[in-house]
Amino acid sequence: MDRITVVVDTREQEPYSFDTDKVSAVRKALPAGDYSLVGLEERLAVERKSLTDFVSTVIRGRKRFHRELEKLSAYESACVVVECNFRDLVDGRYRSDAHPHALIGTVASIVVDFGVPVYFCSDRQAACRFVEEYLTRFHRRIARCQKEMRVTRRDSGEE
């Protein structure tokens with residue numbers, strides 16, 4: 001398996017440390033999200049949030065976050081990864097006066113209204129592992145499609 005090159009948004013404050021045997025990383029401003037793959041920056045993105053950041057963003061930065069979600073919804077593949085359990089949200093285990101019902105409704109809105117899945121990945125390490133696999137899986141899919149297109153062109157005499 002080829003190593004993938006992950007693009008980490010320049011605004012990402014604490015980038016993940018991916019497995020260096022599988023992933024190399026470059027820093028670059030992304031149009032949306034915090035992580036993508038080189039050459040696929042406008043087709044693939046992962047938006048990462050800690051629990052504190054997620055709560056703050058959906059309550060205080062709602063308009064900006066909605067603009068981000070609109071961009072992500074146009075991508076071939078995009079998701080929001082939150083570094084906590086959904087139970088943390090339900091039980092209000094965060095520093096904010098935001099009611100859990102409001103946050104749960106926001107999660108449903110992100111998924112239903114914007115079509116962007118939200119994955120609650122327990123903690124930072126689990127979220128890092130998920131993001132690495134998500135990006136790797138997309139890379140494999142793109143590589144498989146490109147290989148199939150080459151075979152089709154060759155078989156049709158285009159090459």
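Distance OH/Y94 to CG/L51: 8.5 Å, rounded to 0.5 Å. The line from CD1 of I59 to NE2 of H99 is 11.5 Å long, rounded to the nearest 0.5 Å. Note: F138 CZ to R43 CZ = 5.0 Å, rounded to the nearest 0.5 Å. Here the CD-OH distance, from E41 to Y75, works out to 8.5 Å after rounding to the nearest 0.5 Å.
Side-chain contact between E47 and V116 is absent, with no heavy atoms from C-beta onward closer than 4.5 Å. At a threshold of 4.5 Å between non-hydrogen side-chain atoms, the residues R154 and V151 count as touching. The shortest side-chain heavy-atom distance between V107 and V58 does not fall under the 4.5 Å cut-off. Two residues are said to be in side-chain contact when any heavy atoms from C-beta on lie closer than 4.5 Å; R137 and R140 meet this criterion.
Partner L135 forms a side-chain contact (heavy atoms from CB on, under 4.5 Å) with one of L40, V23, V6 and no other, that one being V6. The side-chain hydrogen bond (donor to acceptor under 3.5 Å, both in side chains) test with E83 is passed by exactly one of Q125, R48, K49: R48.
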Exercise. How far apart are the C-alpha atoms of V118 and F86, what are their side-chain angles, what is the distance that settles it, and do they pass the side-chain contact (heavy atoms from CB on, under 4.5 Å) test?
Worked result: CA-CA 10 Å; V118 179; F86 188 67; over 6 Å; no
For this session: Evaluate side-chain contact (heavy atoms from CB on, under 4.5 Å) for L69 paired with V80, printing each intermediate quantity in order.
Result: CA-CA 9 Å; L69 290 169; V80 175; 4.1 Å; yes
For this session: Could you give me the CA-CA distance, side-chain angles and deciding distance for L37 and V7, then say whether side-chain contact (heavy atoms from CB on, under 4.5 Å) is met?
Result: CA-CA 5 Å; L37 293 174; V7 179; 5.9 Å; no
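Ring geometry for F18 against Y16 counts as perpendicular: the plane angle is over 60°, on a 0 to 90° scale with 30° as the lower cut.
Here the side chain of R11 pairs a donor or acceptor atom with the backbone of L30 at under 3.5 angstrom. The backbone N or O of T52 lies less than 3.5 Å from no partner atom in the side chain of S56, so there is not a single donor-acceptor pair. Counting only distance, with no hydrogens or angles, the side chain of S109 and the backbone of G105 share no donor-acceptor pair below 3.5 Å. The backbone N or O of D19 lies less than 3.5 Å from a partner atom in the side chain of E132, making a donor-acceptor pair. Judged by distance alone, with hydrogens and angles left aside, the side-chain atoms of D88 form a donor-acceptor pair with the main-chain N or O of N85 at under 3.5 Å. With hydrogens and angles disregarded, no donor-acceptor distance shorter than 3.5 Å links the side chain of T10 to the backbone of R27. In this structure, Y35 contributes its side chain and L44 its backbone to no donor-acceptor pair below 3.5 Å.
Residues A78 and Y134 come closest through the heavy atom pair N-OH, 3.2 Å. Smallest separation of non-hydrogen atoms from P15 and V8: CB-CG1, 3.8 Å. In plain terms, the two heavy atoms of A45 and L72 that are nearest each other are CB-CD2, 3.5 Å. Scanning both residues, P31 and K71, for their nearest heavy atoms gives O-NZ, 3.2 Å.
In this structure, E42 places its CD atom where only 12 or fewer heavy-atom neighbours from other residues, nucleotides or ligands lie under 6.0 Å away. Heavy atoms of other residues, nucleotides or ligands lying less than 6.0 angstrom from CG of D91 number more than 12. For CZ of R60, the number of neighbouring non-hydrogen atoms (other residues, nucleotides, ligands) closer than 6.0 Å is 12 at most.
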